[in-house]
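Right, one structure below, let's go through it.
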Amino acid sequence: MPGWFKKVWYGLASLLSFSSFILIIVALVLPHWLSGKILCQTGVDLVNATDPELVKFIGDIYYGLFRGCKVRQCGLGGRESQFTIFPQLVKELNAGLHVMILLLLFLALALALVSMGFAILNMIQVPYKAVNGPGGICLWNVLAGGVVALAITSFMAAVRFHDLTERIANFQERLFRFVVVEEQYEESFWICVASASAHAANLVVVAISQIPLPEIKTKIEEATVTAEDILY
């Protein structure tokens with residue numbers, strides 16, 4: 001059985017892995033990976049709008065991995081529309097990259113549960129095989145954190161190099177063309193960053209759990225027997 005010191009740290013490691021699992025689920029569900037401002041370029045060109053008038057042609061957009069929302073501003077007031085990535089919109093995007101991001105996050109969910117299981121195993125007992133011990137916990141956390149980081153990097157690549165926001169903004173638009181004027185990552189994106197950070201923190205937790213505690217030795221006083229004690 002591991003000592004109380006290791007049990008505490010392994011328990012913390014299992015909680016961090018479980019929190020990473022929950023964070024990834026939240027990031028998948030919430031449609032707030034990225035938000036931005038979109039300019040109705042067609043409306044601007046039609047009225048030859050100047051800088052002070054451009055505000056009337058700037059709308060909003062936000063989206064996640066499954067759905068999102070767009071507010072069109074083309075000079076006649078805002079028109080809000082909801083959209084879903086699957087099944088039609090994904091054809092206009094880099095479908096392979098988008099599906100890969102989803103698969104990576106689903107894989108990260110499984111790896112987070114495995115790392116949690118290894119931490120609980122080490123909290124309950126000392127494994128016979130070294131691969132099931134602290135080294136195994138570190139291995140699964142490195143894999144889980146790396147997969148989440150790869151999903152985050154892939155999403156950033158889709159935004160930066162594949163014009164993800166502009167493609168979504170112009171989906172099924174026949175009369176108007178929209179140009180992205182501002183983009184910023186939202187809470188779902190940063191939740192995924194927190195998930196990867198949780199696995200990195202787990203490596204520190206496991207390292208701390210291996211610090212040997214100083215042994216507390218009790219001093220045993222030697223009994224001295226005198227001649228008077230023998231007489232009694």
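Please read all numbers here as calculations on a predicted model, not as lab measurements. Computed from heavy atoms alone, side chains included, the values below leave out hydrogens, waters and symmetry copies.
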Quiz item: Between the side chain of S188 and the main-chain N/O of L30, is any donor-acceptor distance below 3.5 Å?
Solution: yes
Quiz prompt | Gap separating the CG atom of L203 from the SG atom of C138, nearest 0.5 angstrom | solution = 5.5 Å
Quiz item: Less than 4.5 Å apart, any side-chain heavy atom of V148 and any of L111?
Solution: no
Exercise. With K70 as the cation and F178 as the aromatic partner, state whether NZ or CZ is under 6.0 Å from the six-membered ring centre and within 45° of the axis.
Key: yes
Quiz prompt | Shared hydrophobic cluster for I25 and L15 (ILVMFWY, side-chain gaps under 4.5 Å) | solution = no
Quiz item: Is any side-chain heavy atom of Y62 less than 4.5 Å from a side-chain heavy atom of L34?
Solution: no
Exercise. For the residue pair N122 and I137, establish whether any side-chain heavy-atom pair is separated by less than 4.5 Å.
Key: yes
Quiz prompt | Side-chain heavy atoms of V8 within contact of L12, under 4.5 Å | solution = no
Quiz prompt | F161 reachable from Y185 in the ILVMFWY side-chain graph, under 4.5 Å edges | solution = no
Practice problem: Check the side chains of E186 and Q184 for a donor-acceptor pair under 3.5 angstrom, ignoring hydrogens and angles. | Solution: yes
Practice problem: Rounded to the nearest 0.5 Å, what's the gap from CG on L103 to NE2 on H98? Could you check? | Solution: 10.5 Å
Quiz item: Is V47 reachable from I38 through a run of I, L, V, M, F, W or Y residues, each pair having side-chain heavy atoms under 4.5 Å apart?
Solution: no
Quiz item: Side-chain heavy atoms under 4.5 angstrom apart, residues restricted to Ile, Leu, Val, Met, Phe, Trp, Tyr: same cluster for I61 and V55?
Solution: no
Practice problem: Taking all non-hydrogen atoms of both residues into account, name the closest pair between I24 and S195 and its distance. | Solution: CG1-OG, 3.3 Å
Quiz prompt | Pair R72 + E173: basic N to acidic O under 4.0 Å | solution = yes
Quiz item: Quick one: are H162 and L93 in side-chain contact, heavy atoms under 4.5 Å?
Solution: no
Quiz item: Closest heavy-atom contact between R67 and V29?
Solution: NH2-O, 3.6 Å
Exercise. Please lay out, stage by stage, how L89 and T84 fare under the test side chain to side chain contact (heavy atoms under 4.5 Å, CB included).
Key: CA-CA 7 Å; L89 180 52; T84 55; over 6 Å; no
Practice problem: With rounding to the nearest 0.5 Å, note down the distance linking OH in Y10 to CZ in F5. | Solution: 10.0 Å
Quiz item: So, do F66 and L28 sit near enough that their side-chain heavy atoms are less than 4.5 Å apart?
Solution: yes
Practice problem: Might you confirm whether atom CZ of F171 has over 12 heavy atoms from other residues, nucleotides or ligands at distances under 6.0 Å? | Solution: yes
Practice problem: Decide whether I152 and F106 are clustered together by the hydrophobic rule: side chain heavy atoms of Ile, Leu, Val, Met, Phe, Trp, Tyr closer than 4.5 Å, transitively. | Solution: yes
Self-check item: L102 and F86: CA distance, side-chain angles, deciding distance, side chain to side chain contact (heavy atoms under 4.5 Å, CB included) verdict
Solution: CA-CA 12 Å; L102 290 173; F86 295 94; 3.6 Å; yes
Quiz item: Hey, what's the ring geometry for W140 with F118, parallel, tilted or perpendicular (30° and 60° as the breaks)?
Solution: tilted
Self-check item: Euclidean distance, L54 CG relative to Q73 CD, rounded to 0.5 Å
Solution: 12.5 Å
Exercise. Only counting residues at least two apart or in another chain, list the ones meeting side chain to side chain donor-acceptor pair (under 3.5 Å) with D163.
Key: none
Self-check item: From CA spacing to verdict: side chain to side chain contact (heavy atoms under 4.5 Å, CB included), K6, Q210
Solution: CA-CA 7 Å; K6 289 188 176 183; Q210 300 308 301; 4.0 Å; yes
Self-check item: Atom of Q82, atom of G68 and distance for their closest heavy-atom approach
Solution: OE1-O, 3.3 Å
Quiz item: Side chain of W9, backbone of W4: donor and acceptor closer than 3.5 Å?
Solution: no
Exercise. Answer yes or no: is there a side-chain heavy-atom contact under 4.5 Å between L39 and V44?
Key: yes
Self-check item: Interatomic distance, I191 atom CD1 to H32 atom NE2 [nearest 0.5 angstrom]
Solution: 10.0 Å
Quiz item: Is V159 close to E183 at the side-chain level, that is, under 4.5 Å between some pair of heavy atoms?
Solution: yes
Quiz item: Considering all heavy atoms of both residues, which atom of S17 and which atom of A112 are nearest to each other, and what is their separation?
Solution: CB-O, 3.6 Å
Quiz prompt | Smallest separation among heavy atoms of G78 and V71, with atom names | solution = CA-CG1, 4.2 Å
Exercise. Just say parallel, tilted or perpendicular for the rings of F155 and Y63, cut-offs at 30° and 60°.
Key: tilted
Quiz prompt | Considering all heavy atoms, the nearest R177-T42 contact | solution = N-OG1, 2.8 Å
Self-check item: S154 side, atom OG; L104 side, atom CG - distance, nearest 0.5 Å
Solution: 5.5 Å
Quiz item: Run the side chain to side chain contact (heavy atoms under 4.5 Å, CB included) check on C192 and L105 step by step: do they pass?
Solution: CA-CA 9 Å; C192 267; L105 290 175; 3.9 Å; yes
